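Only this structure's heavy atoms are used, side chains among them; waters, hydrogens and symmetry mates stay out. For clarity, every value in this text was computed on a predicted model and none was experimentally measured. Heads up: numbering here begins at 1 and tracks the sequence. Every number for a ligand or one of its atoms is a count from 1 in the order of the listing.
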Amino acid sequence: MDGASTTFYTKPTLTAERKEFYGRLAARSAAPLWEVLGAIIPPEPRPETVPFLWHYDDLRPLLMEAGHLLTEKEAERRVLILENPGLLGKSRVTGSLYIGLQLILPGEVARCHRHATSALRFVLEGNGAYTAVEGERTQMHPGDFILTPSWTYHDHGNPSDGPMVWLDGLDIPIVNLFDTSFAEHYPGEVQPNTIAYGDSLARYGANMLPVDYSPTRPSSPIFNYPYSRSREALEQLKRNSEPHPSHGIKMRFVNPVSGGYTMPTIGAFMQLLPSGFSGAAYRQTDATIFVVVEGQGRTRIGDQMYDWRPRDIFVAPSWAPIAHEAQNDAIVFSLSDRPAQQALGLWREQVPMK
Ligand code: 1HN
C-alpha cells in the first residue's frame with residue numbers, strides 16, 4: 001500500500017527523556033499531540049465498521065423465538081439489534097446509526113413514548129399492523145418507509161392475525177455523541193387516535209401543500225411513504241430512462257416542504273437495479289445500510305462479494321468501494337447519515353471510481 005496515502009503524519013522517535021516527560025504530562029491530564037496526530041487525523045476514513053450481510057432467513061426464527069421468550073410489555077420494544085461485527089457491544093451498525101428487527105405479534109401493543117432520537121421503520125413482513133405518530137395511525141405494508149421524527153409520540157399495534165416485522169433505523173450514536181438524549185412515556189398506553197387514516201399523505205404527499213402551511217419541525221410532515229407509490233415510480237422510470245452506471249435507478253425520499261431529506265440525521269433511498277445490471281464501483285463517505293425488497297443479486301464491498309435475496313440486510317462502511325449486480329429486476333432500500341454529513345459540509349463521493 002502507498003505509505004503517503006495511509007499516513008498523514010509520522011511520530012517522532014520515543015526517547016527515554018520524552019517518555020518521562022509524557023508521564024509528567026499524563027499526571028496533569030495533558031498529552032502530546034505529536035504522539036497521536038496520525039491516529040486521530042487519518043488521511044482518509046478509517047472506519048471500525050466492517051462490511052456485513054444478514055440473511056433474513058437466519059434471523060427470522062430467532063426473532064420468532066424472542067416472541068415466545070418475552071412479551072412486548074416486558075421488552076418495551078421486542079427488537080433484535082443488528083450489531084456490526086466491527087462494533088461489538090456498541091449497539092451500532094455503523095459509527096453513527098443503529099438498526100434492529102422489531103417483531104409485534106397479533107393482539108400486541110407497543111406502548112406510547114417519545115425520544116430525542118429519530119427513527120425510521122422499513123416494513124419487511126406482515127400486513128395490517130399500525131404505527132401511530134402524533135395522533136395519526138398508518139397501516140404498515142411491506143416496503144413502506146415510515147418516519148418517527150425526533151420527540152414525536154409513537155406507539156405500534158397489531159390487530160391483524162399474523163406477525164409483523166420491520167427494520168428500525170435510529171440515529172442513537174449521533175444523539176449520544178452530542179449527549180442530547182431525552183426520553184419519556186406518554187401518560188397512557190396508547191395515544192388518542194385524533195387524525196384520520198391517510199390524512200398526512202393527502203395533505204402533504206400529493207404535490208400540494210395546505211395554502212397557509214408552515215413547517216413545525218425539520219422532518220417531513222409525511223410519515224408513511226407507501227411502497228405502492230415508490231415501486232410504481234421506479235417501474236415507470238425503468239421504462240423511460242437509462243440506468244445510472246453505479247446506482248441503476250436511484251431515488252431519494254424527500255421532505256416535500258423543503259426538498260431536503262425526510263429527517264435531518266437519516267436519509268433514505270430506493271433504487272431499482274434492472275435485470276442483468278452490473279454496476280461500476282463507487283464510494284461515498286456515508287456508511288450505508290441496504291435492505292433488499294425484491295430480486296436477487298450480489299454486491300461487492302471492498303474485496304468481498306455478498307449475495308443477497310429479498311429481506312436481506314447489508315452494510316457498507318464509509319469510503320468502501322461498492323458495486324451492485326442484479327440477476328433479475330431488484331429493488332433495494334437504503335439509509336445513511338448523509339443529511340447530517342452534508343449539513344456539516346463533510347460528505348464526499350467518487351462515482352464512479354476511476
Ligand atoms: C424505539 O422507540 C423503537 O418505537 C424501536 O419502535 C427501537 C431502539 C432504541 C430506542 C428506542 C420503537 C428503538 C426505540
By ring-ring contact (aromatic ring centres under 6.0 Å, His included), which residues pair with His156, not counting sequence neighbours?
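Listed in chain order: Trp166.
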
More than 12 heavy atoms of other residues, nucleotides or ligands under 6.0 Å from CZ of Phe182: yes or no?
no

Tell me if the CD atom of Glu242 is crowded by more than 12 foreign heavy atoms within 6.0 Å.
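Count not over threshold, so no.
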
Sub-3.5 Å pairs, protein N or O with ligand 1 N or O:
unit_1: ligand 1; atom_1: 2 (O); unit_2: His113; atom_2: NE2; d: 2.6
unit_1: ligand 1; atom_1: 2 (O); unit_2: His115; atom_2: NE2; d: 2.7
unit_1: ligand 1; atom_1: 2 (O); unit_2: His154; atom_2: NE2; d: 3.3
unit_1: ligand 1; atom_1: 4 (O); unit_2: Arg77; atom_2: NE; d: 2.8
unit_1: ligand 1; atom_1: 4 (O); unit_2: Arg77; atom_2: NH2; d: 3.3
unit_1: ligand 1; atom_1: 4 (O); unit_2: His113; atom_2: NE2; d: 3.4
unit_1: ligand 1; atom_1: 4 (O); unit_2: Arg121; atom_2: NH2; d: 3.3
unit_1: ligand 1; atom_1: 4 (O); unit_2: His154; atom_2: NE2; d: 2.9
unit_1: ligand 1; atom_1: 4 (O); unit_2: His156; atom_2: NE2; d: 3.4
unit_1: ligand 1; atom_1: 6 (O); unit_2: Arg77; atom_2: NE; d: 3.0
unit_1: ligand 1; atom_1: 6 (O); unit_2: Gln102; atom_2: NE2; d: 2.9
unit_1: ligand 1; atom_1: 6 (O); unit_2: Arg121; atom_2: NH1; d: 3.1
unit_1: ligand 1; atom_1: 6 (O); unit_2: His156; atom_2: NE2; d: 2.6

Under 4.0 Å between a side-chain nitrogen and a carboxylate oxygen: does that hold for Glu108 and Arg78?
yes

Single hit among Thr265, Thr285, Asp286 for side chain to side chain donor-acceptor pair (under 3.5 Å) with Gln341:
Thr285

Walk me through whether Thr152 and His154 qualify under side-chain hydrogen bond (donor to acceptor under 3.5 Å, both in side chains).
CA-CA 6 Å; Thr152 54; His154 55 284; 4.7 Å; no

